[in-house]
Amino acid sequence: MSARTILVVEDEFLIRFMLADSLREIGYQVLEAANAEEGLAVLSSGQAVDLMVTDIRMPGSIDGMELTRRSKALVPTRPVIVCSAHLFEPESYPADAFLPKPYTFAALADVIERLTGEPWQTSSQTRSA
């Protein structure tokens with residue numbers, strides 16, 4: 001089994017740290033980016049990314065919506081979750097899901113699971129305790 005990889009793009013260090021740490025605790029591999037340019041570099045690097053969670057307003061030349069569009073151009077099937085206090089859901093296209101800030105980690109985890117399934121990809125073997 002290998003863990004699914006999530007890219008978290010968030011300029012607020014404490015939010016990014018909390019999200020990444022919490023996602024790792026429930027079984028995901030996590031890559032972090034402090035802005036959309038860093039996120040795009042990760043997406044363009046060839047590193048496997050199964051899902052991206054991005055903020056919208058970040059410093060730099062591109063925002064989270066442009067990052068979302070570029071992610072979809074690179075891998076149209078890769079799910080993207082957009083999180084923002086400055087946007088409404090109808091404005092989040094082409095994201096696959098939208099979470100208004102503030103949101104709970106449980107709400108984010110539910111959306112991730114809905115879009116990707118369990119944190120661990122299951123093999124044909126049965127898991128036991």
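Source: prediction; values computed, not measured.
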Item to complete: Could you please spell out the steps behind the salt bridge (charged side-chain N to carboxylate O under 4.0 Å, His left out) verdict for Asp96 and Lys72?
Response: CA-CA 10 Å; Asp96 297 275; Lys72 289 295 187 180; 2.6 Å; yes
Considering non-hydrogen atoms only, spot the tightest contact between [X] and [Y] and give its length.
X	Y	answer
Pro79	Asp50	CD-O, 3.2 Å
Gly27	Ala3	O-CB, 3.2 Å
Gly39	Ala33	N-CB, 3.4 Å
Asp55	Cys83	OD1-O, 3.1 Å

If hydrophobic clusters are built from ILVMFWY residues whose side chains come within less than 4.5 Å, do [X] and [Y] share one?
X	Y	value
Met52	Ile81	no
Leu99	Ile112	yes
Ile56	Leu7	yes
Val9	Met18	no
Val53	Val30	yes

Report yes if some heavy atom in the side chain of [X] is under 4.5 Å from a heavy atom in the side chain of [Y]; otherwise report no.
X	Y	result
Tyr103	Leu108	yes
Asp63	Met58	no
Pro94	Val80	no

Worksheet item: Would Leu31 and Thr5 count as a side chain to side chain contact (heavy atoms under 4.5 Å, CB included) if you check the C-alpha gap in whole Å, the side-chain angles of each, and the deciding distance to 0.1 Å?
Response: CA-CA 7 Å; Leu31 304 172; Thr5 301; 3.8 Å; yes
Discussion item. Could you go through Phe105 and Leu19, starting from their C-alpha distance and side-chain angles, then the distance that decides it, and tell me whether this counts as side chain to side chain contact (heavy atoms under 4.5 Å, CB included)?
Written reply: CA-CA 7 Å; Phe105 178 73; Leu19 288 177; 4.2 Å; yes
Worksheet item: Does Ser92 use its side chain to pair, donor to acceptor, with the backbone of Ala95 at less than 3.5 Å?
Response: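 Side chain of Ser92 to backbone of Ala95, a donor-acceptor pair under 3.5 Å: no, none is there.
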Worksheet item: Okay, side chain of Ser71, backbone of Thr68: is any donor-acceptor separation there less than 3.5 Å?
Response: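 No; zero donor-acceptor contacts below 3.5 Å.
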Nearest 0.5 Å, what's the [atom1]-[atom2] distance between [X] and [Y]?
X	Y	atom1	atom2	value
Asp21	Glu32	CG	CD	9.0 Å
Ile26	Glu113	CD1	CD	8.0 Å
Leu67	Thr54	CG	OG1	5.0 Å

Item to complete: With side chain to side chain contact (heavy atoms under 4.5 Å, CB included) as the test, would you mind laying out the steps for Met65 and Val82 before giving the verdict?
Response: CA-CA 8 Å; Met65 286 311 303; Val82 168; 4.1 Å; yes
Worksheet item: Between Arg57 and Ser84, does a side chain to side chain donor-acceptor pair (under 3.5 Å) hold up when you go through it step by step?
Response: CA-CA 8 Å; Arg57 287 191 178 176; Ser84 179; over 6 Å; no
Discussion item. Taking atom OH as the centre, does Tyr93 end up with more than 12 heavy-atom neighbours from other residues, nucleotides or ligands that are less than 6.0 angstrom away?
Written reply: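 Open: at most 12 neighbouring heavy atoms sit under 6.0 Å from OH of Tyr93.
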Worksheet item: Does a sphere of radius 6.0 Å around CZ in Phe17 hold more than 12 heavy atoms from other residues, nucleotides or ligands, not counting ones at 6.0 Å or beyond?
Response: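 Check fails, neighbour count at 12 or below.
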Item to complete: Apply salt bridge (charged side-chain N to carboxylate O under 4.0 Å, His left out) to the pair Arg16 and Glu38, showing each step before the final yes or no.
Response: CA-CA 13 Å; Arg16 188 176 69 249; Glu38 286 183 17; over 6 Å; no
Worksheet item: Salt bridge check: are Lys101 and Glu10 linked by an N-O gap of less than 4.0 Å?
Response: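 Yes, this pair counts.
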Item to complete: Evaluate the criterion salt bridge (charged side-chain N to carboxylate O under 4.0 Å, His left out) for residue pair Arg70 and Glu66; output intermediate values, then yes/no.
Response: CA-CA 6 Å; Arg70 293 186 189 191; Glu66 180 61 23; 2.9 Å; yes
Discussion item. Do Glu37 and Ser61 pair up side chain to side chain, a donor and an acceptor below 3.5 Å, judged on atom types alone?
Written reply: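 Checked: Glu37/Ser61 side chains pair up, N/O donor to acceptor below 3.5 Å.
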Discussion item. Show, in sequence, the C-alpha distance, side-chain angles and deciding distance for Tyr28 and Thr116, and conclude whether the side chain to side chain contact (heavy atoms under 4.5 Å, CB included) test is met.
Written reply: CA-CA 11 Å; Tyr28 293 102; Thr116 65; 4.1 Å; yes
